[in-house]
Amino acid sequence: DPANITEEKTGYVKCPFGGTNFVYFSFKYCGKNKKIGTFRSRNPYLLKSGEVMEAMSKADYYCEAIKVSRDKALAGA
């Protein structure tokens, strides 16, 4: 049930020198934290790289989709 979803957010794990190797979106479902990655790598990538920018865009999209689903469930639609 989407009405049980709370605290949606996106983020990334910081690496030295300003890069990242993990981009994710997370939420709480029935009180349990869920974190879903949209980008993973052994090597750090710059935040301005195409791969990381695409992963952040996907994470934002999924987070927004979760919010819309929850709002519809709470509205009874």
Side-chain angles (χ1 to χ4, degrees):
D1 184 25
N4 294 328
I5 296 174
T6 59
E7 299 181 29
E8 316 81 16
K9 65 179 181 177
T10 61
Y12 60 91
V13 176
K14 295 179 183 176
C15 289
F17 309 113
T20 186
N21 61 357
F22 185 64
V23 179
Y24 64 90
F25 68 98
S26 65
F27 55 90
K28 277 191 174 182
Y29 180 70
C30 296
K32 294 183 180 181
N33 290 324
K34 306 290 183 183
K35 186 182 282 189
I36 301 169
T38 57
F39 174 78
R40 292 178 190 174
S41 173
R42 286 186 178 187
N43 301 319
Y45 280 68
L46 293 174
L47 295 178
K48 301 284 183 185
S49 71
E51 293 90 347
V52 173
M53 295 296 286
E54 182 180 347
M56 288 181 176
S57 176
K58 284 182 182 180
D60 289 337
Y61 172 80
Y62 290 133
C63 193
E64 190 62 32
I66 289 171
K67 288 179 186 177
V68 169
S69 296
R70 184 193 63 221
D71 292 344
K72 284 183 180 178
L74 291 174

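Counting from 1, the numbers follow the sequence of the chain as shown. This structure is a prediction, so every number in the text was calculated from the model and none was measured.
In this structure, the ring of Y29 has its center no less than 6.0 angstrom from the ring center of F27. Here the two rings, on F39 and Y45, have centers that are under 6.0 Å apart.
Relative ring orientation between F25 and Y62 is described as tilted, the plane-to-plane angle lying within the 30° to 60° band.
Annotation: side chain of K34 is not in contact with side chain of Y24 (no heavy-atom distance under 4.5 Å). Side-chain contact between T20 and L47 is present, with at least one heavy-atom pair separated by less than 4.5 Å. Counting heavy atoms from C-beta outward, N43 and N21 have side chains that stay 4.5 Å or more apart.
Nearest approach of P2 to R70, heavy atoms of both residues: O-CG, 3.3 Å.
For the atom pair S26 OG and I36 CD1, the distance stands at 9.0 Å (nearest 0.5 Å). Distance CZ/F22 to OG1/T38: 7.5 Å, rounded to 0.5 Å. The distance from atom OG of S69 to atom CD of E8, rounded to the nearest 0.5 Å, is 10.0 Å. Taking CG from D1 and SG from C30, the interatomic distance works out to 8.0 Å, rounded to the nearest 0.5 Å. Between the CE atom in M53 and the NZ atom in K58 there is a gap of 14.0 Å [rounded to 0.5 Å].
A side-chain donor-acceptor contact under 3.5 Å links D60 and T10.
Residues that satisfy the salt bridge (Lys or Arg N to Asp or Glu O under 4.0 Å) test with K67, not counting sequence neighbours, are absent from this structure.
The cluster map of Ile, Leu, Val, Met, Phe, Trp and Tyr, joined by side-chain heavy atoms under 4.5 Å apart, puts I5 and L74 in different clusters.
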